[in-house]
Protein chains: 2
Amino acid sequence: MSANSRLTIAAHALVWIGLYQRRGHEVATSEQIATSVNTNPVVIRRLLGELRGADLVSARRGTGAGWVLRKNLVELTLLDVYRALGSEPVFALHPAQPDPDCVVGHGIGPVIAGAYQNVEAAMHRELAGITLEDVLRDILKAT
Amino acid sequence: MSANSRLTIAAHALVWIGLYQRRGHEVATSEQIATSVNTNPVVIRRLLGELRGADLVSARRGTGAGWVLRKNLVELTLLDVYRALGSEPVFALHPAQPDPDCVVGHGIGPVIAGAYQNVEAAMHRELAGITLEDVLRDILKAT
DNA sequence: TTCTGTCGTAACAATATTGGTTACATCTGC
DNA sequence: GCAGATGTAACCAATATTGTTACGACAGAA
């Protein structure tokens, strides 16, 4: 278990809630979502809890509790979800500081960091171009 | 210890070998590279071993052994190094197959996989635009 | 042939993340 | 107060990364 499917599960959950609400239901429970995702409800609650921190969803408690979208699927991009999950950068710099007495060791840090920034920016642009409404539309289209 | 600095270390090693060779030396030892990177020589040997599989470097053995670049720094992009390292995709799909009886669970796989392909492609385009010669030039410029 | 320096690689430890699970406290409408 | 759901802590198993020690394999030099 190591691959990162957090974005996948979060997007799945949000799309599921969106479709469920569109069909007339007010709230979706972590149990229902977990069934569709095929995982444990606690996994869903943990992920949606992070998304709540970014105000993408909110949770009702008490009887008839469950999850509600705070934004329309059209306003939610994969970048919003990715950011809400607070993921680490894809590429990390040196674990230990390189030799400062070596030209390469001394200068490579900022250079490679700049390159990584551009890579992350490209990733973000791509993620920002895909809304959850797009995802739902393509899902329904394929049926 | 979990962040992924493999690309950083590999690029560092290759740039170091390139500069060392440009200064008249034939081979670079994993010991020397490890000193600049500030890590253990075995870490360098392991990474360069993977790069050898993609024919980016080769290793001489016996007395006076060490590593030699198989291509010029101008011909080596960060994408070449990234590919040679055989990294897993940044985003993974579901750990367990989603519920096939649910519209979302049934249809989301290919849709989200397509989105991820576009994201990886954008990342690759960016990595392909940066050569190790660019990295070395920027390092020397900053000195 | 033997010595020497280096790569090649296995094996292990330490750490961190992810995903799954159980358990239980907390909240709120009825 | 009860019922049904969230909120969270506490584990566990599996995996990846990095560091480390150890030792075999190789090839040139003496």
Side-chain angles (χ1 to χ4, degrees), chain A residues 1-10 12-13 17 20 25-35 37-53 57-68 70 82 85-98, chain B residues 1-10 12-13 17 20 25-35 37-53 57-68 70 82 85-98:
Chain A
M1 226 166 282
S2 87
N4 194 339
S5 51
R6 286 157 51 81
L7 181 57
T8 299
I9 299 180
H12 185 148
I17 300 173
Y20 197 61
H25 305 87
E26 288 203 1
V27 301
T29 68
S30 56
E31 177 91 33
Q32 297 170 314
I33 302 168
T35 298
V37 174
N38 188 13
T39 183
N40 193 291
V42 174
V43 172
I44 301 298
R45 290 206 287 273
R46 270 199 301 232
L47 273 175
L48 290 184
E50 297 186 51
L51 301 187
R52 184 185 49 209
V57 297
S58 65
R60 289 189 198 161
R61 306 195 57 170
T63 311
W67 300 90
V68 183
R70 297 279 290 169
Y82 180 72
L85 293 177
S87 309
E88 291 291 303
V90 176
F91 300 113
L93 298 185
H94 300 71
Q97 200 204 355
Chain B
M1 223 167 285
S2 85
N4 193 340
S5 51
R6 284 158 50 82
L7 182 57
T8 299
I9 300 182
H12 184 148
I17 300 173
Y20 196 60
H25 303 86
E26 288 204 2
V27 300
T29 69
S30 56
E31 176 92 34
Q32 296 170 315
I33 302 168
T35 298
V37 174
N38 189 12
T39 184
N40 192 293
V42 174
V43 173
I44 301 299
R45 290 206 286 271
R46 269 199 301 234
L47 274 175
L48 291 184
E50 297 186 51
L51 301 188
R52 184 185 46 210
V57 296
S58 64
R60 290 191 198 159
R61 307 193 61 171
T63 311
W67 299 91
V68 182
R70 296 279 289 170
Y82 180 72
L85 293 178
S87 310
E88 290 292 303
V90 175
F91 301 113
L93 299 186
H94 301 73
Q97 201 204 354

ask   = Looking for any heavy atom pair under 4.0 Å, which part of the strands does A:Val27 touch: base, sugar-phosphate only, or nothing?
value = nothing
inquiry  = Suppose we call a contact any N or O donor and acceptor under 3.5 Å apart; does that hold for the side chain of A:Thr63 and the base of D:dG4?
reply    = no
Distance in angstrom units between A:Glu31 CD and D:dG4 C1', rounded = 11 Å
Side-chain donor/acceptor of B:Gln32 to backbone N/O of B:Thr29, under 3.5 Å = yes
ask   = Could you state the CG-P distance from B:Leu47 to C:dT9, rounded to the nearest angstrom?
value = 14 Å
Rounded distance (Å) that lies between atom C1' of C:dG19 and atom CZ of A:Arg46 = 7 Å
request  = Specify the separation, in whole Å, of atom CD of B:Glu88 and atom P of D:dA14.
outcome  = 18 Å
A:Arg61 (side chain) and C:dT26 (base): donor-acceptor pair under 3.5 Å = yes
message = Without decimals, in angstroms, what is the distance between A:Gln32 CD and D:dT6 C1'?
response = 14 Å
task = Side-chain contact test, heavy atoms from C-beta onward, threshold under 4.5 Å: evaluate it for B:Ile33 versus B:Ile17 and give yes or no.
result = yes
key: Expected output: side-chain A:Arg52 to main-chain A:Ala59 donor-acceptor under 3.5 Å   = no
query = Just how far, in rounded Å, is C1' of D:dA5 from CD1 of A:Ile33?
reply = 12 Å
query = For A:Gly64 and A:Asn40, take the nucleotide of DNA chain C holding the closest heavy atom to each; which residue's nucleotide lies nearer the 5' end?
reply = A:Asn40
message = Distance check needed: D:dA16 P versus B:Leu85 CG, whole Å only.
response = 15 Å
Nearest listed nucleotide, side chain of B:Arg52, among C:dG8, D:dG7, C:dA23 = C:dG8
task = Answer yes or no: is there a side-chain heavy-atom contact under 4.5 Å between B:Ser5 and A:His94?
result = no
inquiry  = So A:Gly49, base contact, sugar-phosphate only, or nothing? Heavy-atom distance under 4.0 Å.
reply    = nothing
ask   = Which nucleotide in the list D:dA22, C:dT18, C:dT6 gets nearest to the side chain of B:Ala65?
value = C:dT6
query = When you match A:Ala28 and B:Val43 each to their closest nucleotide on DNA chain D, which lands nearer the 5' end?
reply = A:Ala28
inquiry  = So, under a plain 3.5 Å distance rule, would you say the side chain of B:Arg60 forms a donor-acceptor pair with the base of D:dA27?
reply    = no
remark   = Which of D:dT6, C:dC7, C:dT18 is nearest the side chain of A:Asn4? It is C:dT18
Length of the CZ-P vector between A:Phe91 and D:dT17, whole Å = 12 Å
note = Out of D:dA22, D:dT18, C:dC7, minimum distance to the side chain of B:Ser5 belongs to D:dT18
remark   = The residue, B:Pro95 or B:Arg45, whose nearest nucleotide of DNA chain C is more 5′ is B:Arg45
key: B:Ser30 and B:Arg45: side chain donor to acceptor below 3.5 Å   = yes
